[in-house]
Amino acid sequence: MTPTRSTLRIYDSAAREVRDFVPLVAGKASLYVCGLTVQSEPHVGHVRSGVNFDVLQRWLRHSGYETTFIRNVTDIDDKIVAKSEAAGRAWYEHAQIMHRELSKAYAALNVAPPTYEPLATGHIPEMLELIELLIERGHAYAAADGSGDVYFDVRSWKAYGELTGQAVEDMEAAADADPRGKRDPRDFALWKGAKPTEPATASWPSPWGRGRPGWHIECSAMAGKYLGPAFDIHGGGLDLRFPHHENEQAQSRAAGKPFAAYWMHNAWITTAGEKMSKSLGNSLTIPSVLQRFRGIELRYYLVSAHYRSHVEFSFDALEEAAVGFQRIEGFLARASAALGADQGWLATMPPEFTDAMNDDLGTPGAVAVLFDRVREGNTALAGNDTASVQRILGEVTLMLDVLGLNPADEAWGAPAGGDEKLHHAVDVLVKSLIDQRAAAREAKDWAAADAIRDQLKEAGVEIADSPSGPTWSVN
RNA sequence: GGUGGGUUGGCCGAGAGGCGAGGCAACGGACUGCAAAUCCGUGUACACGGGUUCAAAUCCCGUACCCACCUCCA
C-alpha cells in the first residue's frame, strides 16, 4: 500500500477552479452552510445539501481539522408568512412545525448535527448592528419614502457581482419587485419595514421603525457572529449563488469583513428534467420516500453521486442504489458473523479512498473503492482468510463511517430490547424449520426441503445455505 | 439580453490527451440437489460536424438539444 500524499482540494465556485484547501488557521476548519427556509416539508432535493455538507464535515474531521460547522435555519420570510396564513396558523408555529420536520428528515438520513444551528429570528440585534455599520460606511441607506425599508446600495460597492462574474449593467432588474424607495432597482433589502397587512408578531423594533430582516443579512450576521469576519468555507445550493451569496458577500465585505475564503455549491436534483421545487406533489418529500426506502438507502443514493453533478431523481435509480448498498450490507453481516467478537480495530483508511475524497469530495470514486474492498472481502470470506476479512471489515467500516453509511451506526435506529426478544423467538421457530429442512435434504426429499424454504420465504424469511450451514434473514 | 452548467454503454454514474472507475441489469462459467448469496469472465460508450495531434470521450472551432441563475428557491 502506498501512503497517500494528497491533500484536500475543493472546487471553489468563486474562483471557478479546484484549489488546495488551506485553512485560515492551521488545523482548524470553519464552515458555514445556508440551511433551509422552513416553509414546507423537506423534499429529496432539500436534503441533498444537508447530506453533501455532512459528508464534508465528516471528511474534514476525519482529516484532522478541528471543525466548526454552522448551518442556519431561516425562520422568517415572505413565504413562511404566506404559507402559514394559508395553513391557518401563526407564522412562528408554522416555521417551527416545518423545522421539526426538517430535523426529523436529517436524522432519518444520519445527517450529523452542525456545531450550532442558529435561527434568523434569534439574531435580529446582530443584523441591526451590521446594517448600521453599512449605513455608516456609505453602502446602505434608509428609503426616503418612509416605508422603513433599508437597502444595500449596489452602486456603492464596485466589486458587486464578483462572486458570480456578472456586471451590474447586465443584470436584469427584478420584474416583479416593487421598487419602493430603491435608488437603483438592483439594490436589495437589508431591512423591510412592517406593513399593516402582515402579522404584528412578524416585526421587530429597529432604528427605522418596526420591521423584519431582508433575506440575505441574516447569513452575514450569523456567519460573522459564530465564525468571525473571515472563515474558510461557505456552502449552499447552486441557486443561492445569485442573489443570496453574492449579496451576502457584498454586504459583509462592504462592512469590512473578508468573509468566506472558499465557496462550495451543490447541484440539483431534478425530476422529469425539472427543478424539484417546481414539480409539485408530495411523493418526493422525505417522509413519503422513507415509506418506500430506508434512510440509509436514500443517503447512499445521494452520496454515490458527486455533489456537483445534477442528479435526475427516479425511484428506479433509487431502487438500483438500494440493491447495490445491500451488497455492502451482505458483506458486513457475513464478515461480522465469521469474526464473532473478534473484529478489526486496526484498520487504516485505504489510500485510494482518501485520494478520491481529497479530490473535491469525490464520493463516486470513494464508493468504487468501497466496492473493491467488499469484493476482496467476499473472496477472503470464501477462502476462510480470517486475517484479511478482519482487515477489510475494518477498512469498510471506516469508509462507511466517513460517508455516514455505517448500518451499525445507532443513528439508523438500532433495534431496542423488545426487538431482541422478538428476534430470539423467531430465531427458535425458524431454526426448527431449518432443522426439518436439513432432515429432508439428508433424505434427499428435495420437494419437502424446498417446500419449507418456500414457506419461510412467503413469511419474508430468506434461507441461504453457506459452507458453515444455513442462515436466515428477514428482508 | 447577461452569466454558468450539461449531453458517456440497456440503465445509473465517474473520468479529462495514450492504458475501458464502479454499481445495477444481461449473458457464460464455478459453487449448489435446485436455488439464493458469492467469485471469475463477457461490452469495441462518450450528442453531431469539422480541426489540432503519432494518439482525442478528453484540446480547439462550429452546430444541435437540455438545464440553472439574473433579487422566492437546496
Side-chain angles (χ1 to χ4, degrees), chain A residues 13 16 33-37 39 42-53 77-79 82 154 161 164-167 169-177 185-189 214-216 235-244 246-247 265-270 273-278 300-301 304-306 308-312 314 316-328 330-331 333-334 352 356 359 362-372 374-375 377-379 381-383 441 444-447 449-450 453-454 457 462-467 470-471 473:
Chain A
S13 32
R16 288 183 206 89
V33 171
C34 289
L36 295 185
T37 299
Q39 43 143 337
H43 61 229
V44 176
H46 289 134
V47 142
R48 180 182 196 185
S49 140
V51 169
N52 286 159
F53 288 105
D77 91 320
D78 293 348
K79 270 196 170 174
V154 165
T164 49
Q166 298 181 91
E169 305 74 49
D170 292 332
M171 291 178 192
E172 270 178 20
D176 56 326
R186 282 156 283 234
D187 289 352
F188 58 89
W215 175 35
H216 318 293
L238 203 50
D239 58 344
L240 295 179
R241 288 168 67 238
F242 193 90
H244 186 54
E246 185 74 68
N247 291 354
H265 290 101
N266 63 277
W268 295 114
I269 295 187
T270 54
E274 265 199 335
K275 196 171 159 181
M276 208 166 264
S277 56
K278 285 182 185 163
Y300 170 74
Y301 175 66
S304 64
H306 188 88
R308 284 196 286 124
S309 297
H310 286 229
V311 168
E312 172 64 26
S314 76
D316 286 349
L318 179 51
E319 173 66 35
E320 271 191 15
V323 171
F325 188 72
Q326 285 157 23
R327 186 175 147 80
I328 296 171
F331 166 70
R334 286 189 299 276
E352 312 93 290
D359 185 10
T363 52
V367 166
V369 175
L370 192 49
F371 275 103
D372 285 345
V374 166
R375 186 183 312 103
N378 281 327
T379 302
L381 225 30
R441 294 179 72 202
K444 298 204 189 297
D445 183 354
W446 310 125
D450 290 351
R453 188 168 63 194
D454 292 346
K457 187 162 188 177
E462 298 253 19
I463 298 294
D465 294 325
S466 79
T471 60
S473 60

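What you are looking at is a predicted structure, and each value in this text was computed from that prediction instead of being measured. In what follows, chains carry the letters A, B, and so on, assigned in the order in which the sequence lines appear, proteins first and then strands, with residues in each chain numbered from 1.
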Colleague: Can you tell me, in whole Å, how much space there is between the P of U7(B) and that of G13(B)?
Modeller: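 11 Å, rounded to whole Å.
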Colleague: At under 4.0 Å between heavy atoms, what does Asn52(A) touch on the DNA or RNA strands: base, sugar-phosphate, or nothing?
Modeller: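 Nothing, no nucleic acid heavy atom in range.
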Colleague: Find which nucleotide of RNA chain B each of Gly165(A) and Trp215(A) is nearest to by heavy atoms, and output the residue with the more 5' nucleotide.
Modeller: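 Of the two residues, Gly165(A) wins.
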Colleague: How far does the C1' atom of G41(B) sit from the matching atom of U3(B), given to the nearest Å?
Modeller: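 It comes out at 49 Å once rounded to the nearest Å.
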Colleague: Could you let me know what C59(B) is paired to, Watson-Crick or G-U wobble, both distances under 3.5 Å, or none if it's on its own?
Modeller: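 The answer is G51(B), by the H-bond criterion.
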Colleague: From CZ of Phe371(A) over to P of C24(B), roughly how many Å is that when rounded to an integer?
Modeller: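 These atoms are roughly 6 Å apart.
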Colleague: Taking the nucleotide of RNA chain B with the closest heavy atom to each, which residue, Arg453(A) or Val311(A), is nearer the 5' end?
Modeller: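 Upstream on the strand: Val311(A).
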Colleague: To the nearest 0.5 Å, what is the distance between NE2 (His265(A)) and CZ (Arg308(A))?
Modeller: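 Taking NE2 in His265(A) and CZ in Arg308(A), the distance rounds to 12.0 Å.
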Colleague: Could you tell me how far apart Leu240(A) (CG) and C69(B) (C1') are, to the nearest whole angstrom?
Modeller: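 Distance check: Leu240(A) CG to C69(B) C1' gives 11 Å.
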Colleague: Under a 3.5 Å distance rule, please check whether Ser309(A) uses its side chain to pair with a backbone N or O of Ala267(A) as donor and acceptor.
Modeller: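 No: the side chain of Ser309(A) does not pair with the backbone of Ala267(A).
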Colleague: Where the side chain of Ser309(A) is concerned, which of G5(B), C24(B), A14(B) is the nearest nucleotide?
Modeller: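 Selected nucleotide (nearest to the side chain): A14(B).
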Colleague: What is the nucleic acid contact for Arg308(A), judged by heavy atoms within less than 4.0 Å: base, sugar-phosphate only, or nothing?
Modeller: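 Nothing, no heavy atom under 4.0 Å.
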Colleague: In whole Å, what separates the C1' atom of A68(B) from that of A74(B)?
Modeller: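 My reading of the C1' atoms in A68(B) and A74(B) gives 13 Å.
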Colleague: Roughly how far apart, to the nearest Å, are A25(B) and C12(B) at atom P?
Modeller: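 Looking at atom P only, A25(B) and C12(B) are 15 Å apart.
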Colleague: What's the closest nucleotide to the side chain of Glu320(A) if the choices are U71(B), A74(B), C11(B)?
Modeller: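 Comparing U71(B), A74(B), C11(B) against the side chain of Glu320(A), the answer is C11(B).
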Colleague: Could you please name the partner base of C24(B), counting Watson-Crick and G-U wobble pairs only when both distances are under 3.5 Å?
Modeller: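 Because both required distances fall under 3.5 Å, C24(B) counts as paired with G10(B).
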Colleague: Could you check whether Gln39(A) and Thr37(A), counting side-chain N and O atoms only, form a donor-acceptor pair closer than 3.5 Å?
Modeller: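 Side-chain D/A pair, Thr37(A) to Gln39(A): absent.
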Colleague: Consider the side chain of Ala464(A), meaning its heavy atoms from C-beta on, and name the nucleotide among C72(B), U38(B), A36(B) that approaches it most closely.
Modeller: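 The answer is A36(B).
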Colleague: Whom does G1(B) pair with, Watson-Crick or G-U wobble, provided both distances fall under 3.5 Å?
Modeller: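 Answer to the pairing question: C70(B), which forms a Watson-Crick or G-U pair with G1(B).
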Colleague: Could you give the CD-to-C1' distance, from Glu462(A) to A36(B), as a whole number of Å?
Modeller: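 It works out to 7 Å between those atoms.
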Colleague: With a non-hydrogen cut-off below 4.0 angstrom, is Asn378(A) in contact with a base, only sugar-phosphate, or nothing?
Modeller: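 Sugar-phosphate, backbone atoms only, no base.
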Colleague: At what distance, to the nearest 0.5 angstrom, does CZ of Arg241(A) lie from OG of Ser13(A)?
Modeller: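 The CZ atom of Arg241(A) sits 6.0 Å away from the OG atom of Ser13(A).
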Colleague: Report the nucleotide, chosen from U71(B), A21(B), U38(B), that has the shortest atom-to-atom distance to any side-chain atom of Ala368(A).
Modeller: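 The answer is A21(B), which lies nearest to the side chain.
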Colleague: So if I take every side-chain heavy atom of His46(A) and compare against A74(B), G13(B), A21(B), which nucleotide ends up nearest?
Modeller: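 Taking heavy atoms from C-beta onward, the closest nucleotide is A74(B).
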Colleague: Considering only the C1' atoms, how many Å lie between U42(B) and A36(B), rounded to the nearest integer?
Modeller: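 Straight-line distance between the two C1' atoms is 23 Å.
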Colleague: Please pick, from G33(B), G4(B), U38(B), the nucleotide with the shortest atom-to-atom distance to any side-chain atom of Arg16(A).
Modeller: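 The answer is G4(B), which lies nearest to the side chain.
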Colleague: Look at the side chain of Gln166(A) and decide which nucleotide, out of U3(B), G22(B), A74(B), has an atom nearest to it.
Modeller: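 Nearest nucleotide to the side chain: U3(B).
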Colleague: Roughly how far apart, to the nearest Å, are A56(B) and U32(B) at atom C1'?
Modeller: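 Taking atom C1' in both A56(B) and U32(B), they lie 48 Å apart.
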Colleague: OP1, OP2 of A68(B) versus side-chain N and O of Arg241(A): anything below 4.0 Å?
Modeller: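 No, no such contact exists.
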Colleague: For the side chain of Asp450(A) and the base of G33(B), is some donor closer than 3.5 Å to an acceptor across the two?
Modeller: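 Under the 3.5 Å cut-off, the side chain and the base do form a donor-acceptor pair.
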Colleague: Is there a Watson-Crick or G-U wobble partner for C46(B) with both distances under 3.5 Å, and which nucleotide is it?
Modeller: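 Base partner found: none.
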Colleague: Heavy atoms from C-beta onward define the side chain here; which of G5(B), A74(B), U71(B) lies closest to that of Phe242(A)?
Modeller: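 Side chain of Phe242(A) sits closest to U71(B).
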Colleague: Rounded to the nearest Å, what distance is computed from the OH atom of residue Tyr301(A) to the P atom of nucleotide C11(B)?
Modeller: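 Atom OH in Tyr301(A) sits about 15 Å away from atom P in C11(B).
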Colleague: Expressed as a whole number of angstroms, how long is the span from Arg375(A):CZ to G22(B):C1'?
Modeller: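 Between C1' of G22(B) and CZ of Arg375(A): 8 Å.
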Colleague: Check the distance between A74(B)'s P and Leu36(A)'s CG and give it to me in whole angstrom.
Modeller: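 Computing the Leu36(A):CG to A74(B):P distance gives 6 Å.
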Colleague: Given that both distances must come in under 3.5 Å, which nucleotide forms a Watson-Crick or G-U wobble pair with C34(B)?
Modeller: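 When the pairing criteria are applied, nothing turns out to pair with C34(B), so the answer is none.
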Colleague: If you define the side chain from C-beta out and look only at heavy atoms, does anything of Trp215(A) sit under 4.5 Å from Asp77(A)?
Modeller: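 Result no, sub-4.5 Å side-chain heavy-atom pair not found.
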Colleague: When you measure only distances, ignoring hydrogens and angles, does the side chain of Asp465(A) come within 3.5 Å of the base of A35(B) through a donor and an acceptor?
Modeller: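 By the distance-only test, yes, there is a pair.
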Colleague: Aromatic rings His216(A) and Phe188(A): how do their planes relate, parallel, tilted or perpendicular, breaks at 30° and 60°?
Modeller: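 Perpendicular: the ring planes of His216(A) and Phe188(A) meet at over 60°.
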Colleague: Would you mind classifying the nucleic acid contact of Gly330(A) as base, sugar-phosphate or nothing, using non-hydrogen atoms under 4.0 angstrom?
Modeller: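 The residue Gly330(A) makes no contact with any strand.
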Colleague: Rounded to the nearest 0.5 Å, what separation is found between the CD atom of Glu246(A) and the OG1 atom of Thr164(A)?
Modeller: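 Reported value, rounded in 0.5 Å steps: 3.5 Å.
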Colleague: Do Asn378(A) and Arg334(A) have side chains that approach each other closer than 4.5 Å (heavy atoms only, starting at C-beta)?
Modeller: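 A side-chain contact under 4.5 Å exists here.
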Colleague: Looking for any heavy atom pair under 4.0 Å, which part of the strands does Lys444(A) touch: base, sugar-phosphate only, or nothing?
Modeller: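 Nothing, no heavy atom under 4.0 Å.
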Colleague: Using atom P in both nucleotides, what's the gap between G4(B) and G62(B) to the nearest angstrom?
Modeller: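 These two P atoms come out 15 Å apart once rounded.
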Colleague: Of all the nucleotides listed (A74(B), A14(B), U71(B)), which has the minimum atom distance to the side chain of Gln39(A)?
Modeller: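 It is A74(B).
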Colleague: Roughly, in whole Å, what's the span from NE2 in His244(A) to C1' in C72(B)?
Modeller: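 Distance, rounded to whole Å: 12 Å.
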Colleague: Got a second to check how far His310(A)'s NE2 is from Asn266(A)'s CG, nearest 0.5 Å?
Modeller: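 Atom-to-atom, His310(A):NE2 and Asn266(A):CG are 10.5 Å apart.
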Colleague: What distance, rounded to whole Å, do you find between the two P atoms, one in C60(B) and one in C69(B)?
Modeller: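 Comparing P positions in C60(B) and C69(B) gives a spacing of 27 Å.
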Colleague: Rounded to whole Å, please give me the gap between CG in Leu238(A) and P in C67(B).
Modeller: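 After rounding, the gap between these two atoms is 15 Å.
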Colleague: Between G33(B), A74(B), U71(B), which nucleotide has the shortest distance from any of its atoms to the side chain of Ala449(A)?
Modeller: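 Of G33(B), A74(B), U71(B), G33(B) is nearest to the side chain of Ala449(A).
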